[in-house]
Amino acid sequence: MKLSIPFVSYASLIKPDICKKIIDLGISKIEKNKKEGLDVKGTTLNDNHREKINLERNKVSDYYSSEDKTIENLRDMNVDLDKYFIRDSEVSWLDEKWIYDIFLPIISDANRKAGWGWSVDTAELFQFTVYHGDKNEGGFYGWHSDGSSDHIKAYKPALKISSDPLRFKSPKKNEKNKIILNSDGEPIPDMDTKDLPLKKNGKSLAPPFSQDKKKWGKVRKISMTVNLNNPQDYEGGNLKFDLGPHFKGDRFKVFTDMRSQGSIIIFPSFMYHCVTPVVSGTRYSLVLWLLGKPWQ
């Protein structure tokens, strides 16, 4: 899709005290999850992340960082995807209303200002992300897109039928492919179908399946990222876009001009982007995705 305006940015829009409040909240949830034995590592691609592969953070010759390679690059190389990790970060999920009240109007403004005018009606949870700095093995997020925005990648319905062991089924559908509801208006699990896949840790559904009815049949259309801390607190960790081979000007945009605390960048979820390695300090960010029906 060719766009006249591929992203919208707002420099230093969110005040430092609000940024700190979000950081404190995100860190507290990460620490709470750690104490409860929950995984806080950000995952993608094959569920691999650096800490899962190598708890001591030493170099392991049998595993490789994806660095600047996209998932498609790795597949074209005909390599074992399970030997690569594309992300190294810690995350927690935020759902506080006051945070939505701050950012949803800004995203709506960007959707209008860019001339996209895309129909979105659902917001996911906020993802608070921590990238720890290290000269040789700093936190990063390799080249990826947040979603393909087509019907194939739309969230698909899942109904939990058991917690121990964890099991999910697709809902029953009629001859018109419509979900069948019971007398209470709730979907009925189709017990004649195979169980839906779980992530490798066996603790949650594998994408693109979701229990959240508001997501069913929808795709990520608009992404937002916010720099939460002072750029003097860390080195590296720049957001980088691939604007495509036919973009007039530099194909790769590095947002060094948007490193200031409270700066926001809003862009289409199908756009490829990455976060370069943090070589020192710690970078904190906040991410949100807005969903809508696939384009028709």
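All values reported here derive from a predicted model rather than from experimental measurement.
L38 is linked by a side chain to side chain contact (heavy atoms under 4.5 Å, CB included) to N33, E36, counting only residues two or more places apart in sequence or in another chain. Annotation: side-chain hydrogen bond (donor to acceptor under 3.5 Å, both in side chains) contacts of K176 (sequence neighbours excluded): none. For P197, the side chain to side chain contact (heavy atoms under 4.5 Å, CB included) partners are A206, F209, not counting sequence neighbours.
Contact check on D212 versus K214 returns a salt bridge, with a Lys/Arg side-chain nitrogen under 4.0 Å from an Asp/Glu carboxylate oxygen. Contact check on K194 versus D190 returns no salt bridge, with no Lys/Arg side-chain nitrogen under 4.0 Å from an Asp/Glu carboxylate oxygen.
For W116 (side chain) and I5 (main-chain N/O), a donor-acceptor pair under 3.5 Å exists by modelled atom type.
For residues 117-130, the set of pairs meeting the salt bridge (charged side-chain N to carboxylate O under 4.0 Å, His left out) definition, not counting sequence neighbours, comprises D121-K218, E124-K215, E124-R220. Within the structure, every pair that satisfies the salt bridge (charged side-chain N to carboxylate O under 4.0 Å, His left out) test and touches residues 223-248, not counting sequence neighbours, is listed here: D242-R251.
Aromatic ring centroids of F126 and Y100 lie under 6.0 Å apart. Taking the ring centroids of Y272 and F241, they lie at or beyond the 6.0 Å cut-off. Ring centroids of Y284 and Y131 are separated by 6.0 Å or more, keeping the two rings apart.
Judged by a 6.0 Å distance limit and a 45° cone about the ring axis, K221 is not positioned over the six-membered ring of W289.
When all heavy atoms of S260 and N227 are compared, the closest pair comes out as O-CB, 3.9 Å. Closest non-hydrogen pair, C19 versus L228, comes out as CB-O, 3.2 Å.
Under a hydrophobic clustering in which Ile, Leu, Val, Met, Phe, Trp and Tyr are joined whenever their side-chain heavy atoms come within less than 4.5 Å, directly or via other members, L181 and I161 fall into different clusters.
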Side-chain donor-acceptor contacts of residues 102-114 below 3.5 Å, not counting sequence neighbours, with atom names and distances?
from	atom 1	to	atom 2	distance (Å)
D109	OD1	R112	NH2	2.6
D109	OD2	Y10	OH	2.6
D109	OD2	K113	NZ	3.2
N111	OD1	G117	N	3.2
N111	OD1	W118	N	3.1
N111	ND2	W118	O	2.9

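Each of N230, N238, N229 was compared with R259 under the side-chain hydrogen bond (donor to acceptor under 3.5 Å, both in side chains) criterion, and only N238 meets it.
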